[in-house]
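Note on naming: letters A, B, ... go to the chains in the order of the sequence lines (proteins, then strands), and numbering restarts at 1 for each one.
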2 protein chains.
Amino acid sequence: SKAAPQAQMEWDYDGPCMKTAVPGPRSMRLKQLGEIQNVDAINFFCNYEESRGNYLVDVDGNRMLDVYTQISSIPIGYNHPALHKLMADPNNLSTFVNRPALGILPPGNFADKLAESLLSVAPSGMTRVQTMACGSCSNENAYKAMFIAYRVSVYTKVEPGCPDLSILSFMGGFHGRTMGCLATTHSKAIHKLDIPSLDWPIAPFPRLQYPLEEFTRDNAAEEARCLEEVEDLIMQWRQKGRPVAGIVVEPIQAEGGDNHASADFFKSLRNIARKHGCAFHVDEVQTGGGCTGKFWAHEHWGSDDPADIVSFSKKLLTGGYYHKTDLQGYRIFNTWMGDPSKNLFLVEVLNVIRRENLLEEVTRSGKALLQGLYALQEQYPGLLSRARGQGTFCAIDIRDDPTRSKILLKARDKGVLMGGCGERSIRFRPALIFKEYHVALFLNIFNDVLAEFK
Amino acid sequence: SKAAPQAQMEWDYDGPCMKTAVPGPRSMRLKQLGEIQNVDAINFFCNYEESRGNYLVDVDGNRMLDVYTQISSIPIGYNHPALHKLMADPNNLSTFVNRPALGILPPGNFADKLAESLLSVAPSGMTRVQTMACGSCSNENAYKAMFIAYRVSVYTKVEPGCPDLSILSFMGGFHGRTMGCLATTHSKAIHKLDIPSLDWPIAPFPRLQYPLEEFTRDNAAEEARCLEEVEDLIMQWRQKGRPVAGIVVEPIQAEGGDNHASADFFKSLRNIARKHGCAFHVDEVQTGGGCTGKFWAHEHWGSDDPADIVSFSKKLLTGGYYHKTDLQGYRIFNTWMGDPSKNLFLVEVLNVIRRENLLEEVTRSGKALLQGLYALQEQYPGLLSRARGQGTFCAIDIRDDPTRSKILLKARDKGVLMGGCGERSIRFRPALIFKEYHVALFLNIFNDVLAEFK
């Protein structure tokens, strides 16, 4: 395979470097962790001290180009100098050492840090934000906010209590695994197995053909079918006495297989929500933070009023949700309600994104990545299909699940770390510092891997 | 009032020092945070840099003796030198900067850090631990683990799916506010208002008379009544087709009003759980970490097999739960699954607890505190009642809720920060470094406050 270009960032490595099979002997020994907790899902053990930029180093010294980034949660690569600089400033240490109960005793600089971090990237129409410790808690509390708002809207008609309300979600959606979230998660049956659920409506999510621009008519018909079903379900659940207080949707279904839909679909869905008095919740836990080439994936819809509530976590380093003014935060409470030390990091991450024009970089790298995937798909028609993506948030389907597993392992042995999603997709989730030369490097290795499966 | 003794730790302040009313003018200005999020529950804004040991300093320079400690979540006081030392070690920085997806790519030292931290204080009979990011996620996932274990236990008889199972909880219990947790939380109606719930059984928690040792016979009868009701509910819910997979209980109901029960009660409850094939989950989110004079409150029961699952958060700095080997961790998963930087802090906290014999200190301070509360209760019989506690985890009832509110504010103006719980209790939740001279100092000020209400 061709050598990759050499114009690396100073602190990045210049390519993968494999010393052992993965997991190597040290990782295998560390699997003694199995005496303490379940290790079935562990790939290998990492040396985070030695990891840098786009490269994850394992405990056996293997250095891999990371296009999965801790399930899409590392925004600007490993050990970014800006984050280390922050840690070296003694003024910041107290924020790490004294974690406050933010809902009652916030630090004096809390509003400023929110303004510098989360509010500086607030979605259109949203001036309010509530931090939480993780993505699941963000969605759980967003649902609560929607229930409370719904009850306020019909307040004169109801008795105080725990009402039978519901959240409408989509087949293939993933919103977390705590019990409220799990009732709206439908990406894999195994997530829900053995856990009690709630009788809430589940709408079909459009199953589109890719590239989207080549199948506009068929795709529009499929989206219309799903929207109609959404309205039917809202009516049915109202008749059941379990009205839909909110609709939750991902801008791109991630865990469920990187399923896209058009801007028109989401704008229509938002109108349906408004028409029926349901809050509209856009879950940007995986899509948010710049990986689609815009800071929020919903910005691609071109709407001034995209949502009532937008939740986030992962690349934002803290969980939480934005909401419109009329969705009150009252009664949303827990001990920590986030972690101000994560806001400190986020300020620096956003500075780096702006200073280095990373959204433009992502758009550029993303185009190169998608073009490369299209080319590989033509080259390996029986093996690859449905290449799709926005920014570097790309995916491609493999002919079947066992082949996907083999490809992921083979790529790892050659120094590229990727992840799967859906039934037979590979998802690409590089950091925002994944440049065009990383794309070229990746495509070369991926090509070498695929050649073995021809 | 008498002056407090002067033998402070070097890095602690020597007493409260009030400069303005609370909230002072700077705190009032910072309430502009209300433009970003709900600020109804905010007391004042803090200067965590200047806070030290048992003293919380606010942005107006007021220094308060803190017997509430961020809702019981600061184990060894503010800005403990041991925690700052940890931050000064460059070997630790990568752990803060690179947060891993622990379930798939843990750092090489993860098992060691778990062994040094959480496993070194594992409850009797428990060798396995799963970290989580907060208390709610800990309990949500503990419930899931109990559901999965229940299904395994009856596996040959069931079809795959989302079964109608339940968790039995207690009136007055608090286990968090995400939807699964909230279905088991019954401390205040406002927590549950407007949020859909689940049809799960709720048992009465004993309403005992204090001091416990003076009312043993009446209390035993009350506990027997509650235990009988637990068994009845287990039978009823089984007949309903919604069997009880687990029982969740706090060793001392905290948020619900510091309600204690005897060791016999808990041991009998544990036996009932075993008899009916329900997992027994002890929620030590608020009681764990040493404040009762033992590291876990359930150690006061003197049982070798106290529980199947023990959840924690707050003073442990990371959330999570311990469990017995036969409760499998498989299918318990999310992106972060905790935060290794919190484990680093916990290692140091545990070192300090051991080095400074803080459990003995807590026992000593707790005795002084409870004796002091007994004395005040005799002195102000119409105002105070039901003084109770274990270690420094103490509480006392005030004659009514409005008087409680006034006492809390008056104490704050005199430099003591306390919190309420239940309908009319004040709870004491000092850090583990709250010494006998802090107790004396506190009791003096509290006495001055109470004198104004005589």
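- Heavy atoms of N91(B) lying under 4.5 Å from chain A belong exclusively to its backbone.
- At a 4.5 Å heavy-atom cutoff, L86(B) makes no contact with chain A through either its backbone or its side chain.
- With R128(A) contributing its side chain and G34(B) its backbone, the two residues share a donor-acceptor pair below 3.5 Å.
- Without hydrogens or angle criteria, K144(A) side chain to R177(B) main chain gives a donor-acceptor distance under 3.5 Å.
- Using a 4.5 Å cut-off between heavy atoms, L119(B) touches chain A through its side chain atoms alone.
- Around atom NZ of K85(B), no more than 12 heavy atoms belonging to other residues, nucleotides or ligands sit under 6.0 Å away.
- Of the listed residues (L30(A), T127(A), V129(A), I148(A)), the one with the most heavy-atom contacts under 4.5 Å to chain B is V129(A).
- A salt bridge is absent between D40(B) and R331(A): the closest approach of a Lys/Arg side-chain nitrogen to an acidic carboxylate oxygen does not fall below 4.0 angstrom.
- Looking at Y68(B), the atoms closer than 4.5 Å to chain A (heavy atoms on both sides) all sit in the side chain, from C-beta outward.
- Of the listed residues (P100(A), S72(A), G180(A), P90(A)), the one with the most heavy-atom contacts under 4.5 Å to chain B is P100(A).
- Using a distance-only test at 3.5 Å, with no hydrogens or angles considered, a donor-acceptor pair links the side chain of E140(A) to the main chain of M179(B).
- Among G176(A), C137(A), P163(A), A133(A), the residue with the largest count of heavy-atom pairs under 4.5 Å with chain B is P163(A).
- The line from CG of L114(B) to CD of Q37(A) is 5.5 Å long, rounded to the nearest 0.5 Å.
- Looking at Q70(B), both its backbone and its side chain come within 4.5 Å of chain A, counting heavy atoms on both sides.
- The shortest heavy-atom contact between L317(B) and R99(A) is O-NH1, 4.1 Å.
- Chosen from D164(A), I195(A), T178(A), V59(A), the residue pairing most often with chain B at heavy-atom distances under 4.5 Å is I195(A).
- For a residue to count as touching a neighbouring chain, one of its non-hydrogen atoms must lie under 4.5 Å from one of that chain's; by this rule L118(B) does not touch chain A.
- In this structure A431(A) satisfies the side-chain contact (heavy atoms from CB on, under 4.5 Å) test together with N54(A), T69(A), I433(A), sequence neighbours excluded.
- Here E35(B) is the residue among E35(B), M132(B), Q32(B) with the most heavy-atom pairs under 4.5 Å with chain A.
- Put simply, the side chain of V97(B) reaches to within 4.5 Å of the side chain of F345(A), judged on heavy atoms.
- Comparing T325(B), L33(B), I42(B) by heavy-atom pairs within less than 4.5 Å of chain A, the highest count is held by I42(B).
- For a residue to count as touching a neighbouring chain, one of its non-hydrogen atoms must lie under 4.5 Å from one of that chain's; by this rule T335(A) touches chain B with backbone and side chain alike.
- Distance check: E49(B) CD to S94(A) OG gives 4.0 Å after rounding to the nearest 0.5 Å.
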Which atom pairs, donor and acceptor, lie under 3.5 Å between side-chain atoms of residues 102-113 of chain B and protein residues at least two apart or in another chain?
none

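- Inter-residue side-chain proximity for D339(A) and K342(B) is flagged as met; some heavy-atom pair is nearer than 4.5 Å.
- The backbone N or O of Y78(A) lies less than 3.5 Å from no partner atom in the side chain of N98(B), so there is not a single donor-acceptor pair.
- Using a 4.5 Å cut-off on side-chain heavy atoms (C-beta onward), N334(B) and C134(A) make no contact.
- P196(B) places none of its side-chain heavy atoms less than 4.5 Å from the side chain of L198(A).
- The closest side-chain heavy-atom distance from I71(A) to W336(B) is not below 4.5 Å.
- In this structure, the portions of S197(B) lying under 4.5 Å from any heavy atom of chain A include both its backbone and its side chain.
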